[in-house]
Amino acid sequence: MIAWSPATVASGRRSLDATAAWVRRAALEMALAGGKGHLAPAWSWVEIGVALYHGGVLRHRPSEPLWAGRDRFLLSKGHGCLTLYAILADRGFFPRNALARFVQPDGFLPGHPDPLIPGVEIVSGSLGHGLGVGAGLALAARRDRSDALTVVLLGDGECQEGSVAEAACFAAQHGLDHLVAIVDRNRLGSTARTADVMSHATTRARWESAGFEVRELNGHSFPALLGTLSDVRQRCFGQPLVLLADTVKGRGVSFMEDSPLWHHRLPRDEEIELARAELGGGPAAAFLTTFSDSPGVPPEVAP
Amino acid sequence: MIAWSPATVASGRRSLDATAAWVRRAALEMALAGGKGHLAPAWSWVEIGVALYHGGVLRHRPSEPLWAGRDRFLLSKGHGCLTLYAILADRGFFPRNALARFVQPDGFLPGHPDPLIPGVEIVSGSLGHGLGVGAGLALAARRDRSDALTVVLLGDGECQEGSVAEAACFAAQHGLDHLVAIVDRNRLGSTARTADVMSHATTRARWESAGFEVRELNGHSFPALLGTLSDVRQRCFGQPLVLLADTVKGRGVSFMEDSPLWHHRLPRDEEIELARAELGGGPAAAFLTTFSDSPGVPPEVAP
Amino acid sequence: MSLDSRDPRDAAFRAIGTVFAANARAMLLTNDMGALGVDELCARYPDRVVNAGIAEQNLISVAAGLALSGRTVFTWGILSHMTARCYEQLRLDVCTRALPVIGIASGAGLSYGVDGPTHHGIHDLGPLRALPGMAIWNPCDARIAEAAVLAAYRDGGPAIVRLDKEAPEPAHDLAHTHIDMGLASLRAGSDATIVATGASVHRALEAASQLAREGISARVVDLFRLAPIDEGLLTGVLAETPVVVSVEEHARTGGLASLLAERIAELARPPRFRALALADRLLLGVTTRERAEQDYGIGATGIAHAVLDLLTLVRRGGLRPARRAAIDTSRRVA
Amino acid sequence: MSLDSRDPRDAAFRAIGTVFAANARAMLLTNDMGALGVDELCARYPDRVVNAGIAEQNLISVAAGLALSGRTVFTWGILSHMTARCYEQLRLDVCTRALPVIGIASGAGLSYGVDGPTHHGIHDLGPLRALPGMAIWNPCDARIAEAAVLAAYRDGGPAIVRLDKEAPEPAHDLAHTHIDMGLASLRAGSDATIVATGASVHRALEAASQLAREGISARVVDLFRLAPIDEGLLTGVLAETPVVVSVEEHARTGGLASLLAERIAELARPPRFRALALADRLLLGVTTRERAEQDYGIGATGIAHAVLDLLTLVRRGGLRPARRAAIDTSRRVA
Ligand SMILES: Cc1ncc(C[n+]2csc(CCOP(=O)(O)OP(=O)(O)O)c2C)c(N)n1
Ligand SMILES: Cc1ncc(C[n+]2csc(CCOP(=O)(O)OP(=O)(O)O)c2C)c(N)n1
Ligand SMILES: [Mg+2]
Ligand SMILES: [Mg+2]
């Protein structure tokens, strides 16, 4: 386990690993406070999200969410939003204390993302919309002679949607090489293993046949993620890129890992303390102080 | 060119080639009588249709269209219905004289097929529905321990629809080995070459990656078609089959072949006689006598 | 865990279980959506429950193919995904043949309120009512939910059953409610009629109680089937009191408000009518049903006020304004 | 070949050409559907016309992405495919952000009648009116078609322009029709008002002529924008004569009939109203618009009869039955 504490978060200077650990714990506390939320789908892509936002991949200005020069990040698997909210707050798009009001009527963080939230580009929550909108954004960026990236995070179950297939063929046809699809390949959908539902929907061959460059990697490894993403802005061979990121759904809490049971369930009773213990960050009261901190990163981050 | 005449049609004993030639000419006369119709899309799959219905591939009983033991044929690219209507009439599903009333209010043959027509299973005309419905029919047949085939004819442009991708993954997942998709791969959609629109939508690799057995063949060759289809009922390895049939849109009339111009246009003025001459079958009056004949084939045809 | 007798979803699955036991050719397709009821069915009938994947268009087409082969097909998923995403498939594959494909759909109204517009079931009735032959059931409690599924099965055509996530006290007594009528009077009254559907039925009943305390006798009618409509019955309902108020947890356009207006507008002697509904907006942000009830006046107090307003209009000032204040107070007390 | 001044599709493309010339960021996406107007645009602006393939869901999502990047995006395809097939994309990708995505859609009503239900544009208004913020234009002639496209562009939000395939004589004179009002009176009249939309406007004008010959003065109003509605204007229209008849080449549920009923039902002093429309059915077989006009009474004679019937009702038998016969005869002569 990574050594980290609420204090390292407050300082704003911490490792990607510590950030990921904080995000996981933050997601847990948000969901518990709200009484609902998709934890396992959120934890599955924590390293991917942190690599993108804290690892210097995405150009963004937390104080100016609509900055024209920004890269676009679309969380197509909108139900994984706990991670997105925690990351955006941590970057400073909005105060961390908003996290404690996840799905609360006095807050602005619903159970699926919407663009009223600073840093969120689109409504998502119905699966299969992100890649098509991303293709439109990427086509626009190319025509505007911008080198901005459009990064779309998809679930592997989500890839069963025909709209994803349409978008993939379109993106390849138009040579959208600054479009990066990342598939959170945790091998689970909502109730079953994707292999038992539509085994051919998320394979390397399928993306290759759609005209994408395919890279497979460990989606929980920062070195793998940052290495694989290092050349994304330079790629210019007219082929969109997909990362098939092998992940573990529920990653971070042993008894919630890789099980369809936990797609939407929250830990209860003793499970809560077990989860907290595994995630680190101390007792709830101590951890929640990190929600009241002002954002710990400088407002402008351009890689 | 094949030697044939209206008389060979009336006799009911004629070659597949002669039947195909009759179907092409019949489609022309239907469209001219109705003042509209998609000729080039119809001509593209004439040999495929004749091989299925006249070549002994599909079990069917023209006098009993809803016979429980029938194979199912779905024309997913419904705009190619001129060929279907001509074939069904020729087999005896309904009198040939109905053909002269294509798209006429006093007839029952609309511009896209519907199941009020004897021998037609589904409404089609919106692209991308046939393979999914076919997968349902094939799943039902397997559960009913029937060896009936479900054959779905798709356009290659149609394969751009995400619904086709969904259906393909579903069919493969469920091992629907008695489902046969035939792609009329004429390399044209409605206004453009498919390669210029979505080049990756209809490739061998794409169907393979979806879990299909893929066979490529010349879609205008009866030997190729019948050879490729010879084992379809015996196939039992749990994999659906797709035939990528290379065809020429507008096949049969030289100036209409392989050109997006002719997707929906009808020949006019001198073009009409040129087309008739190329298709054979004599002057209009002589040819139209074949529409008044009673069906020329025995009512029950079980391969 | 076992099925909850008050949860409309569990009730619907109980009914599917009844159908499954009677008809070996009944099937269930899901879009990878779970439910206790799905698990139970799956355990007993593993072959007849198919997870068709997160691919709703194909799911409906496959259902049509199965139905064409003599099967009754239930589908299970979230209302908004199982209507908007596969809308053309419902229309062309299912409705052109009036096939027995019965959508059991979770998330009517704002039951997934805080989940945002991708999960709201508040814009689907317009599209659904535009599907020829589609029966639309909108039960307000577990009893009607169960009966609706059985009726949809027996009727044999396309249907959708919109289910709430909440599990309220039953409002219906099946000894008195005739499921085939599609509507039922839940409370008698002679001054005004409140026609409600879904979750709003419970608010309407509350409103009628509030009004009763003020001496106003309001009838409450639950229109739990929005298609087909028994026109004779509904016309009767609209004719019995001088005032009719409708209430629904759905956008103003396309749902109950439109349905009633379509009939009222052609009546020779129409009642004074007011429709209470959500606005024709997509609701971003965190939406709770309590908040929506207040904002759009579709809670009990809003309904009672609307009834009072209309009564004032028809009686030309016959009601003292004090009554309105009294209702506000009685609510605070209740 | 050049664009036809009376063809609404050509007129729409002329308007797109105007926008393209003024705004270098305007684009057109097609679902591999052709048109003379597409070819002309393509020739002049090859970069800005994209054949997005036979993949309507993605087409709309891509349009949303382009619009989020500051572009106005026109789309071109057949009405039924560009609404039902991509309905959820319209709702979530386009309408949640009120993006300038303007659907130019061919096949309103039964203009593709003989092509069957996959091509009929007679069930789309219910779903379209349920899309928050979607402007719905339904021009009856080339002039309104062109003006509607320009207005939709200028208004800047989501819109759909339903186009007929036929090219009738213009019914509007743009010196008198104010496009932003969304409706226009095409003929004055004091006995009855016929509110029509799309192709039915021409039938309504015919009906008014027939009625005039019988001494009945019928006003004809074209409601060429079905959303948003200028409520004040429309209420005025509904208040001016004791009788209102609506007519449309669309199923009864969801379109003009519902739209007017929704307003009439809440009026204090409603007119006598009757809606003429197609039945809520899918039309299989060979359907021509002439046949449908007869079968469903939405032709000129049917409209005239409906007006007479309602006038009889409001005047309590004040019209002689002879008038009805006279109308039938006058039609045979005309
Ligand atoms: C169009 C649509 N269909 C169904 C759902 C319900 N649903 C929410 S999450 C989910 C499973 C998603 O699996 P996957 O994409 O693999 O994401 P994961 O949770 O595994 O990261 C489903 C079926 C939905 N949100 N949208
Ligand atoms: C869902 C849908 N989108 C668009 C159309 C319009 N359309 C009719 S035929 C056609 C081209 C079809 O190309 P393909 O599938 O290759 O068939 P072909 O005519 O080449 O045999 C198009 C775009 C349609 N009928 N349905
Ligand atoms: Mg997954
Ligand atoms: Mg083709």
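Chain letters run A, B, ... following the sequence lines, proteins first, then strands; residues in each count from 1.
- Taking every heavy atom of both residues into account, B:H129 and C:S61 meet most closely at O-OG, 4.1 Å.
- Salt-bridge check for B:D114 with C:R97: failed, with every basic side-chain N at 4.0 Å or more from each acidic carboxylate O.
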Next item on the list: Test side-chain contact (heavy atoms from CB on, under 4.5 Å) on C:L66 and B:L139 and set out the steps.
Entry: CA-CA 7 Å; C:L66 290 165; B:L139 183 60; 4.1 Å; yes
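- Only the backbone of B:E121 comes within contact range of chain C, with heavy atoms under 4.5 Å apart.
- Heavy-atom contacts from other residues, nucleotides or ligands closer than 6.0 Å to CZ of C:R154 number more than 12.
- Of the listed residues (C:Q89, C:M27, C:R25, C:R71), the greatest number of heavy-atom pairs within a distance under 4.5 Å of chain B belongs to C:R71.
- For C:E88, the parts sitting under 4.5 Å from any heavy atom of chain B are the backbone and the side chain alike.
- Nearest heavy-atom pair, C:G65 versus B:L137, reported as atom, atom and distance to 0.1 Å: O-CD2, 3.4 Å.
- Heavy atoms only, all atoms of each residue included: B:I122 and C:L68 are closest at CG2-CD1, 3.9 Å.
- One distance of note links CG of C:L92 with NE2 of B:H112; it measures 11.5 Å at 0.5 Å rounding.
- The two residues C:N58 and B:E166 make their nearest non-hydrogen contact at N-OE1, 2.8 Å.
- For the atom pair C:L29 CG and B:F170 CZ, the distance stands at 6.5 Å (nearest 0.5 Å).
- With a threshold of 4.5 angstrom between heavy atoms, C:V73 does not approach chain B through any atom at all.
- Heavy-atom minimum distance, B:D144 versus C:S69: OD2-O, 4.5 Å.
- The minimum heavy-atom distance linking B:R143 with C:R48 is given by the pair NH1-CA, 4.0 Å.
- The line from CG of C:D93 to OG of B:S124 is 10.0 Å long, rounded to the nearest 0.5 Å.
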